[in-house]
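Bear in mind the structure is a predicted one, so any value in this text is a computation, not a measurement. Whatever order the structure lists them in is the order used to number ligands and atoms, beginning at 1.
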Amino acid sequence: MPRIDIVTIFPGLFEAFLEESLLGAARREGRVVVEVHDLRDFATGRHRAVDDAPYGGGPGMLMKPEPLVAAIESLAGPKGPERLARVLLLSPQGERLQQAKLAKLAETEYIVLVCGRYEGVDQRAVELAVDEEVSIGDYVLSGGEVPAMAIVEGLVRLIPGVLGNPESARTESFQGGMLEAPQFTRPAEFRGLGVPEVLLSGDHGAVERWRIEQARTHTRQRRPDLAAETTEPGTVRQSKRKES
Ligand code: ADE
């Protein structure tokens, strides 16, 4: 069964997150283990400090290396080929998360998510104990807790059996590099707005063609970066290299 451990100085933030919704059900059904660890339990000294001022000056505080490395090593073991888990540090400095990366991570049996806080983390802790840094986007949050939740949620729905209908994971946005077509439910008319006729037609082929066309149009308009990368279904991407 996949296992995810989370290291944080705010374990309370995860309480409701772990109990509710798909994730709560998946845990209760024994499809995934998610545990939260308080970084302060690994701090030593009278004040159990987990942060300190940066060498060289500058605003704010940094996460101290000792408790972080102790926490990570107690869970995953020392960094190296024998290590039990893949250790990710959530940080705006990391590689930006995409669906393809989530799909790859979903194949990993044991992941440790380390939530950065303050102005950052002592670089030696990163070097000694972290396998990779991951960012959830080009914006700065106050810590890695919300990004860790994003990763857990993105991963758990990829575990077989977690989604009621496995079709959902295959047809949604970014699957195949495209956004989804717009969707509608009842009523058929709402505040003067109707539903595209084709969706009421019962013609599954026509619905499928309409959805693909809409997905293409939306992707081109909203995410031209994605559209440029997308290989249209049934076509082979042309090699950019000229024949010599
Ligand atoms: N911590 C603060 N901002 C973050 C981001 N965008 N991604 C991951 N961790 C973060």
Ligand-side contact atoms (ligand 1) for residue partner Pro92, heavy atom cut-off under 4.0 Å: 1 (N), 2 (C), 3 (N), 4 (C), 9 (N), 10 (C)
Side-chain ion pair, Arg86 and Glu132, N-O less than 4.0 Å: yes
For atom 8 (C) of ligand 1, the protein heavy atom that lies nearest, with its residue and separation: Ser91 N, 3.4 Å
What pairs of donor and acceptor atoms, side-chain ones from residues 66-75 against any protein atom, are under 3.5 angstrom apart with sequence neighbours left out?
residue : atom : partner : partner atom : Å
Ser74   : OG   : Ala71   : O            : 3.0

Residue Val134 vicinity, atoms of ligand 1 by number, heavy atom under 4.0 Å: 8 (C)
Crowding at CD, Glu197 (>12 non-hydrogen neighbours, <6.0 Å): no
Single-linkage hydrophobic cluster Leu200~Phe184, side-chain heavy atoms < 4.5 angstrom: yes
Heavy-atom closest pair, residues Val7 and Leu39: CG1-CD1, 3.9 Å
Atom 6 (N) of ligand 1 - nearest protein heavy atom and its distance: Tyr139 O, 2.8 Å
Shortest non-hydrogen contact between Met61 and Pro54, atoms and distance: CA-CD, 4.5 Å
Short N or O distance, Leu141 and ligand 1, threshold 3.5 Å exclusive: yes
Smallest separation among heavy atoms of Asp131 and Ala85, with atom names: OD2-O, 3.6 Å
Atom 7 (N) of ligand 1 [closest protein heavy-atom partner, distance rounded to 0.1 Å]: Ile136 N, 3.0 Å
Close-contact set for ligand 1 against Gly143 heavy atoms, below 4.0 Å: 1 (N), 2 (C)
Those atoms of ligand 1 less than 4.0 Å from some heavy atom in Ser135: 6 (N), 7 (N), 8 (C)
Pro147 N/O to ligand 1 N/O under 3.5 Å: no
